[in-house]
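Working notes, beginning with the structure itself.
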2 protein chains.
Amino acid sequence: MAYTYPYPRPMVTADVVVFAIIDGDLKVLLIKRGREPFEGQWALPGGFMDMDETPEQCAMRELREETGVTHLYLEQLYSFGAIDRDPRGRNISVAYFALIDSTKVVARAGDDAADAAWRSVYDLPVLAFDHHRIVDYALERLRNKAEYTTVSFQMLPDEFTLSELQAAYETILQKELDKRNFRRKMITLGILEETGGTRRKGVHRPAKLYRFKQENFEKLKDRGIVFPF
Amino acid sequence: MAYTYPYPRPMVTADVVVFAIIDGDLKVLLIKRGREPFEGQWALPGGFMDMDETPEQCAMRELREETGVTHLYLEQLYSFGAIDRDPRGRNISVAYFALIDSTKVVARAGDDAADAAWRSVYDLPVLAFDHHRIVDYALERLRNKAEYTTVSFQMLPDEFTLSELQAAYETILQKELDKRNFRRKMITLGILEETGGTRRKGVHRPAKLYRFKQENFEKLKDRGIVFPF
DNA sequence: ACAAAAGTGTTGAGAGTACACCCATGC
DNA sequence: GCATGGGTGTACTCTCAACACTTTTGT
């Protein structure tokens with residue numbers, strides 16, 4: 001079957017940069033390509049958009065097919081359209097930015113992917129296409145958003161300790177935060193509530209568990225409240 | 001001539017939301033469509049991407065062809081890909097956000113456009129496609145950026161008075177700002193320099209003219225300085 | 001009792017906000 | 001001399017940033 005048009009059209013793909021915090025490191029989900037071009041090289045999950053899906057649905061589908069990952073925070077990042085970005089021909093990639101709680105996800109290779117793995121964003125292999133640029137851009141976006149929104153909560157389990165929350169911010173922003181100031185800030189923002197439970201980690205004092213209070217956060221957003229650390 | 005592909009491909013277009021401050025109002029540049037679909041309706045400047053240009057180059061070209069407008073601040077806004085957004089078939093629009101100094105621009109209809117005009121963003125006609133959504137999104141982006149960057153300067157002449165600058169912010173943000181606080185803030189940021197000249201407006205005390213100091217602004221950006229009014 | 005992470009308060013500096021009057025000019 | 005927009009200072013509040021010790025637990 002073939003498709004004919006009076007004017008040339010580019011290919012349209014969607015690619016996804018999925019971030020998770022694993023072992024105290026900021027990781028990106030990569031697949032090893034199972035076919036040409038760039039066969040055997042690491043790349044972002046992604047692929048061609050079907051005619052009956054939006055770019056966003058395409059991003060979700062490719063992610064599911066290639067890595068088994070579902071149920072995550074997803075937002076559009078940027079569209080990459082350099083003329084020579086794909087050796088197969090003219091290609092516009094709508095790139096997405098995603099965050100997931102690593103305790104909820106098991107990445108496994110599927111579909112066109114020969115392998116799937118979490119790799120440190122600070123120690124990436126050579127990537128296919130212009131995917132390195134896409135990751136760089138996504139990291140910049142993540143850091144910006146971490147400073148004035150609550151996206152970081154998307155990378156934590158439903159219940160978490162303040163130390164875990166602080167560690168997430170430190171991993172994303174790559175800078176140390178003052179424990180007392182951090183805790184005061186989070187508590188006084190009023191977007192956390194204690195679950196009543198505690199987490200015992202090793203042999204030390206157990207830490208209180210908290211949960212994110214979405215309702216209270218909505219109120220803050222309307223007032224333009226910011227998170228400067 | 002026809003183009004044939006083994007899989008179907010969507011059309012790719014670029015559309016541009018150009019903002020300018022004219023007569024103390026925030027205006028958007030629109031064209032009246034000269035052909036189907038939506039012939040005779042107002043729409044954003046834009047059109048089909050050629051195979052030898054990037055989406056950004058396409059946005060600039062269409063803008064020039066349809067309205068004669070060149071030399072402006074342009075950044076990518078968002079890609080719109082709803083399945084039914086174009087009655088001609090599947091279409092991905094890479095939308096751009098642009099700002100221009102209204103003293104430097106003369107919009108005239110050209111090419112496929114039957115007319116071109118600046119319309120208040122607060123009183124828009126019915127627009128073709130999903131262009132109303134695109135304008136809404138662009139306005140949100142403009143307001144966000146106005147609060148923590150210096151994009152607003154892109155909408156002023158090279159030399160301007162502090163009152164003109166304040167009026168630009170007030171027009172964009174749709175709220176009144178305190179004159180003394182605004183001036184102190186701008187002066188102490190160190191991103192303005194006096195040109196030495198003055199602007200006489202009517203019969204009153206002449207106002208000092210200032211110029212934007214890009215170099216000093218770059219330093220601030222690195223330190224993450226913010227503009228909250 | 002000790003090792004290790006959890007948890008807690010105070011102070012000083014800087015920025016934001018609110019607010020009202022004098023100045024320079026052309027007619 | 002008056003009408004009009006240009007231009008200026010102060011006091012209060014709040015948030016940020018810096019900084020070190022006590023508490024709880026398991027072994």
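A note on names: the letters A, B, ... follow the listed sequences, proteins ahead of strands, and every chain is numbered from 1. Just so it is clear, the structure is predicted and the values come from calculations on it, not from any experiment.
- Shown for residues 155-168 of chain B: residues whose heavy atoms fall under 4.0 angstrom of DNA chain D, namely B/Ser163.
- The side-chain hydrogen bond (donor to acceptor under 3.5 Å, both in side chains) check on B/Lys213 picks up nothing, with sequence neighbours excluded.
- A donor-acceptor contact under 3.5 Å links the side chain of A/Lys179 to the base of C/dG7.
- Remark: A/Arg183 is in phosphate contact with C/dG7, judged by side-chain N or O atoms under 4.0 Å from OP1 or OP2.
- Between B/Lys185 atom NZ and C/dG14 atom C1' the separation is 12 Å, expressed in whole Å.
- Classification of the A/Tyr148-B/Tyr148 ring pair by plane angle, with boundaries at 30° and 60°, yields tilted.
- Rounded to whole Å, the distance from CD on B/Glu176 to P on C/dA18 is 12 Å.
- Per the geometry, CZ belonging to B/Arg184 stands 11 Å off C1' belonging to C/dC19, to the nearest Å.
- Across the protein-nucleic acid pair, A/Met186 atom CE and C/dG7 atom P stand 15 Å apart, rounded to whole Å.
- Residue side chain B/Arg180 does not reach the base of C/dA18 through any donor-acceptor N/O pair under 3.5 Å, judged by distance alone.
- Remark: B/Asn144 pairs with no residue by the side-chain hydrogen bond (donor to acceptor under 3.5 Å, both in side chains) rule, at least two apart or across chains.
- Between A/Lys201 atom NZ and C/dA6 atom P the separation is 7 Å, expressed in whole Å.
- In this entry the distance linking CG of B/Asn181 with P of D/dC12 reads 16 Å, nearest Å.
- Atom CD of B/Glu193 is surrounded by more than 12 heavy atoms from other residues, nucleotides or ligands within 6.0 Å.
- Sequence neighbours left out, the pairs with a member in residues 154-167 of chain B that pass side-chain hydrogen bond (donor to acceptor under 3.5 Å, both in side chains) are B/Ser163-B/Arg183, B/Glu164-B/Arg199, B/Gln166-B/Glu170.
- One distance of note links CE of A/Met155 with OG1 of A/Thr103; it measures 12.0 Å at 0.5 Å rounding.
- In this structure, B/Ile187 places its CD1 atom 14 Å from P of D/dG6, rounding to the nearest Å.
- Ranking C/dG16, D/dC16, C/dC19 by closeness to the B/Asp178 side chain, first place goes to C/dC19.
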List, with names and distances, any nitrogen or oxygen atoms from the protein found under 3.5 Å away from nitrogen or oxygen atoms belonging to nucleotides 24-27 of chain C.
residue, atom, partner, partner atom, Å
C/dA24, O4', B/Arg205, NE, 3.4
C/dT25, O2, B/Val203, O, 2.9
C/dG26, O4', B/Val203, O, 3.0

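- Below the 3.5 angstrom threshold, one finds no donor paired with an acceptor across the side chain of B/Lys208 and the base of D/dG6.
- By the side-chain hydrogen bond (donor to acceptor under 3.5 Å, both in side chains) test, A/Asp130 is found to be paired with A/Arg85, residues two or more places apart in sequence or in another chain being considered.
- Between B/Tyr122 and B/Thr171, the shortest heavy-atom contact is OH-O, 3.1 Å.
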Decide side chain to side chain contact (heavy atoms under 4.5 Å, CB included) for A/Arg141 and A/Lys145; before the verdict, give the C-alpha distance in whole Å, the side-chain angles of both, and the deciding distance to 0.1 Å.
CA-CA 6 Å; A/Arg141 175 88 133 244; A/Lys145 294 208 94 164; 4.3 Å; yes
